[in-house]
Student: 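Below you will find the structure I want to go over with you.
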Amino acid sequence: MTVLSSASGTDAGRSASSRTSFDSLAPATGKRLASYPIGNAEQVEAAVERARSAFDWWGSLSFDERKKHLSAWRALIARRVDEFAELVSAETGKPRDDAVLEILLTLDHMDWAAKNAKKVLGPHKVSSGTLAANHEASVEYPPLGVIGVIGPWNYPVFTPMGSIGYALAAGNTVVFKPSEYTPGVGTWLADTFGEAVPGHPDVFQTVTGLGDTGAALCTARVGKLAFTGSSATGRKVMAACAQNLTPVLMECGGKDALIVDEDADVDAAAGAAIWGGMSNSGQTCIGTERVYVHEKRYDQFVDAIRRQAGDVVAGESYGAMTMPSQIDVVRRHVEDALEHGATAVVGGAQSIRPPFVDPVVLVDVPDDSVAITEETFGPTLTVTKVHDIDEAVAKANATGYGLASAVFSGKRGMEIARRLRTGMTSVNSVITFASIPELPFGGIGESGFGRIHGPDGLKEFTRAKAISRQRWTSPLNLTSFRKTGRLTDVLVRIIRLRYGRG
Ligand code: NAD
């Protein structure tokens, strides 16, 4: 159930700070879809307080009981996938097929998190070591309490659910602030949770609003704040969370590179680069933005790109740009590159026809131009010729971002993947790691820190709890004022025997 879900007429005439509602618009047409309340600080704090009370119940359930509830929710979403996909498509502008795919991937992750939480987070014994042989040692991962989640609009289901689904499976309750471009999706998620788990609406709540609502969640003393969005907003979120020493998970932007080795399947690499760069209108944090191609295969690769990109058209292959202001960023990057000597081998400045942007592929782009250094977040690629793989790796790593990457290579895929300074890499495909529930997802540097998905993603929403239990009394009691010098001598002998060789 949502905290503030009832649509109430807009207050467009008032100043931003005193507005109490905002509109969700269809990107392709600008048509108003619905209005949503803007949650203020008081309402956010009240939601967190209710989530704290709900944690008394949800946190006390066994893993199996939570799995039952989360499976009911997953099943409900699966049954209503058509209705949900229509809403995702309406708010983001992405085609229905892409919306369905996003939801299916999410269901797979929800299933994995619910089924594996017990194995990953439940108590397990560890060795008690040499000095505490008379103790039993175990570690377990209890939940943190209330998790605040702030989400973006580009994958409004898959991305925040990487935090929400895993945090709930770990036993936390959640307050979610969806992007102001996709409030309906956030509201739908919380409403369906309320239907699937009746009587406990405060376990997962959505509070809609703009940036200020997110800022209020940062200072509401949640157990952890999971943020997904731009690196610029991430900095503000961290600063706000620092006030109460609230820990943060940062899933921020990227400038992902794809490397094409001399023995790569060039047609497959070109197809993957086009999909990695253009799908979802290029509005993918782990989308391909830069391609580095071995000089021996460069001409062949550019030809393959030209050939294959010809069929890709905005409005058919992918949808409208979701956020109007992003179109200006794409235009600036393309025009700047062209002004500084780049050539468009697919599309060009004319490809930008709001609210759509057709594919643009640029070659000979100077390394210091914004199309290479900044996140473009549009359906564009830069393709750069390199002398060898060392140069490709150096150029791919020459960015403050470090989210994901891809390598196409016959023999050296794994070796090159390990040299890339990113959280994730696909070899001979793009973006595949995101669909594998057991793999952790996240970046380094400007792309953030912490992990969603997989065992790491479950542990992210817990604290490690260490317990030692004395099984029998040992004459070698180290934690007593009664221990004698003789005991220390015995210990020295034991330690020499154990560690004194080698
Ligand atoms: P954004 O930073 O503009 O907004 C993200 C969220 O933060 C929104 O819900 C917004 O309302 C909220 N927000 C804005 N100001 C805030 C403040 N001061 N305090 C707290 N919250 C505030 O990002 P966006 O445009 O919605 O999303 C696109 C960005 O997200 C891109 O940079 C993309 O790469 C990144 N992204 C990263 C991942 C990942 O997993 N690493 C996934 C998807 C998107």
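We count ligands from 1, going down the list as the structure has it; atoms in each ligand are counted the same way.
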Student: For atom 41 (N) of ligand 1, which protein heavy atom lies nearest, and how many Å away is it?
Tutor: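 Answer, as residue, atom name and distance: Cys252 O, 2.7 Å.
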
Student: Which of the atoms in ligand 1, numbered in the order shown and given with their element, are less than 4.0 Å from a heavy-atom of Val237?
Tutor: 19 (N), 20 (C)

Student: Please list the nearest protein heavy atom to atom 18 (N) of ligand 1 with its residue and the distance rounded to 0.1 Å.
Tutor: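 The closest heavy atom on the protein side is Lys236 CD, 3.9 Å.
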
Student: Given Gly151, Ala216, Gly229, which has its nearest heavy atom closest to atom 9 (O) of ligand 1?
Tutor: Gly151

Student: Are Phe461 and Leu249 close enough that some pair of their side-chain heavy atoms sits under 4.5 Å apart?
Tutor: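 Phe461 reaches Leu249 side chain to side chain.
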
Student: Parallel, tilted or perpendicular: which describes the rings of Phe433 and Phe441, with under 30° parallel and over 60° perpendicular?
Tutor: tilted

Student: Select the closest option to atom 19 (N) of ligand 1 among Ser163, Ala215, Pro156, Pro183, judged by heavy-atom distance.
Tutor: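 Ranked by closest heavy atom to atom 19 (N) of ligand 1, first place is Ala215.
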
Student: Considering non-hydrogen atoms of the protein only, which is the closest contact for atom 10 (C) of ligand 1, and what is the distance?
Tutor: Glu180 OE1, 3.4 Å

Student: Under a heavy-atom criterion of less than 4.0 Å, does Ala240 contact ligand 1?
Tutor: no

Student: So do Val386 and Val293 actually touch side chain to side chain, heavy atoms under 4.5 Å?
Tutor: no

Student: Applying a strict 4.0 Å limit to heavy atoms, is Gly443 in contact with ligand 1?
Tutor: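 No, that is not the case, since the closest heavy atom of the residue is not under 4.0 Å from the ligand.
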
Student: For Phe227, is the nearest heavy atom under 4.0 Å from an atom of ligand 1?
Tutor: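 Yes.
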
Student: In plain terms, say whether Glu375 and Lys255 are close enough for a salt bridge, that is, a side-chain N and a carboxylate O under 4.0 Å apart.
Tutor: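 A salt bridge is absent here (no side-chain N lies under 4.0 Å from a carboxylate O).
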
Student: Check each atom of ligand 1 against the heavy atoms of Ser179 and keep those under 4.0 Å away; list them by number with element.
Tutor: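 With Ser179 as reference, the close atoms of ligand 1 come out as 9 (O).
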
Student: Indicate yes or no: does an N/O atom of Ser447 lie under 3.5 Å from an N/O atom of ligand 1?
Tutor: no

Student: Can you report which non-hydrogen protein atom sits closest to atom 34 (O) of ligand 1, along with the distance?
Tutor: Glu375 OE2, 2.6 Å

Student: So, regarding Ser231 and ligand 1 (criterion: nitrogen or oxygen to nitrogen or oxygen, under 3.5 Å), is there a contact or not?
Tutor: no

Student: Before signing off on this row, confirm whether Phe441 and ligand 1 have an N or O atom pair separated by under 3.5 Å.
Tutor: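 There is no such contact.
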
Student: Please name the pair of heavy atoms, one in Val370 and one in Arg332, separated by the smallest distance, quoted to 0.1 Å.
Tutor: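 Smallest heavy-atom distance, with atoms named: CG1-NH1, 4.0 Å.
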
Student: What I'd like to find out is whether the side chain of Leu338 reaches to under 4.5 Å of the side chain of Glu335, using heavy atoms alone.
Tutor: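 Sidechains of Glu335 and Leu338: no contact.
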
Student: In terms of side-chain geometry, is the basic nitrogen of Lys94 or Glu91 positioned less than 4.0 Å from the acidic oxygen of its partner?
Tutor: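 Looking at Glu91 together with Lys94, the answer is no, because their closest N to O distance does not fall below 4.0 Å.
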
Student: Give every residue pair that meets the side-chain hydrogen bond (donor to acceptor under 3.5 Å, both in side chains) criterion with at least one member in residues 433-458, sequence neighbours excluded.
Tutor: Arg235-Glu446

Student: How far is atom 12 (C) of ligand 1 from its nearest protein heavy atom, and which residue and atom name does that atom have?
Tutor: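 Checked against all protein heavy atoms, atom 12 (C) of ligand 1 sits closest to Ile150 CG2, 3.7 Å.
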
Student: Run the numbers for me: atoms of ligand 1, each under 4.0 Å from some heavy atom of Ser230, listed by number.
Tutor: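 Those atoms are 1 (P), 2 (O), 23 (O), 29 (C), 30 (O), 32 (O).
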
Student: Going by the order shown, which atoms of ligand 1 are within less than 4.0 Å of some heavy atom of Thr159?
Tutor: 42 (C), 43 (C)

Student: Polar contacts were defined as any N/O atom of the residue lying under 3.5 Å from an N/O atom of the ligand; does this apply to Trp153 and ligand 1?
Tutor: yes

Student: According to the interplanar angle, ranging from 0 to 90°, do the rings of Phe158 and His109 count as parallel (below 30°), tilted (30 to 60°) or perpendicular (above 60°)?
Tutor: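 Phe158 and His109: perpendicular rings.
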
Student: So if I count the atoms of ligand 1 from 1 in the order they appear, which ones are less than 4.0 Å from some heavy atom of Pro178?
Tutor: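 Every atom of ligand 1 under 4.0 Å from some heavy atom of Pro178: 9 (O).
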
Student: Is any side-chain heavy atom of Ile38 closer than 4.5 Å to one of Thr208?
Tutor: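 No, every pair of side-chain atoms sits at 4.5 Å or beyond.
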
Student: Is ligand 1 under 4.0 Å from a heavy atom in the side chain of Ala232, in the backbone, in both, or in neither?
Tutor: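 It is neither; nothing of Ala232 touches ligand 1.
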
Student: How does Leu403 reach ligand 1, if at all, at less than 4.0 Å between non-hydrogen atoms: by side chain, backbone, both, or neither?
Tutor: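 Contact part for Leu403 vs ligand 1: side chain (C-beta onward).
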
Student: Nearest protein heavy atom to atom 27 (O) of ligand 1, by residue and atom, and its distance?
Tutor: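 For this ligand atom, the closest protein heavy atom is Pro152 CB, 3.4 Å.
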
Student: Whether Glu45 and Arg52 form a salt bridge (side-chain N of Lys/Arg under 4.0 Å from carboxylate O of Asp/Glu) is what I want to check.
Tutor: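 Looking at Arg52 and Glu45, the cut-off is not met.
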
Student: Should you measure from each heavy atom of Cys285, which atoms of ligand 1 turn up under 4.0 Å away?
Tutor: 33 (C), 34 (O), 36 (N), 37 (C), 38 (C), 39 (C), 40 (O), 42 (C), 43 (C), 44 (C)

Student: I need the nearest protein heavy-atom contact for atom 13 (N) of ligand 1: residue, atom name and distance, please.
Tutor: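 The answer is Thr233 CG2, 3.6 Å.
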
Student: Touching ligand 1 at all, Phe377? Heavy atoms, strictly under 4.0 Å?
Tutor: yes

Student: Would you call Asp82-Arg96 a salt bridge at under 4.0 Å N-O?
Tutor: yes

Student: As an exercise, identify every atom of ligand 1 less than 4.0 angstrom from a heavy atom of Gly214.
Tutor: 19 (N), 20 (C), 21 (N)

Student: Can you find a pair of side-chain heavy atoms, one from Arg290 and one from Asp256, that are under 4.5 Å apart?
Tutor: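 Not in contact.
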
Student: Give me the residue, atom name and distance of the protein heavy atom closest to atom 17 (C) of ligand 1.
Tutor: Gly211 O, 3.7 Å

Student: As an exercise, state the distance from OG1 of Thr106 to CG of Asp111, rounded to the nearest 0.5 Å.
Tutor: 12.5 Å

Student: In terms of side-chain geometry, is the basic nitrogen of Asp367 or Lys395 positioned less than 4.0 Å from the acidic oxygen of its partner?
Tutor: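 Looking at Lys395 together with Asp367, the answer is yes, because their closest N to O distance falls below 4.0 Å.
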
Student: Using a 6.0 Å distance limit plus a 45 degree cone around the ring axis, check whether Lys236 lies over the aromatic ring of Phe227.
Tutor: no

Student: For ligand 1, is there an N or O atom under 3.5 Å from any N or O atom of Thr228?
Tutor: no

Student: Quick check: does Asn154 get an N/O under 3.5 Å from an N/O on ligand 1?
Tutor: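 For ligand 1, there is no N or O atom that lies under 3.5 Å from one belonging to Asn154.
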
Student: Look at the aromatic rings of Phe193 and Trp73 and report parallel, tilted or perpendicular, splitting at 30° and 60°.
Tutor: perpendicular

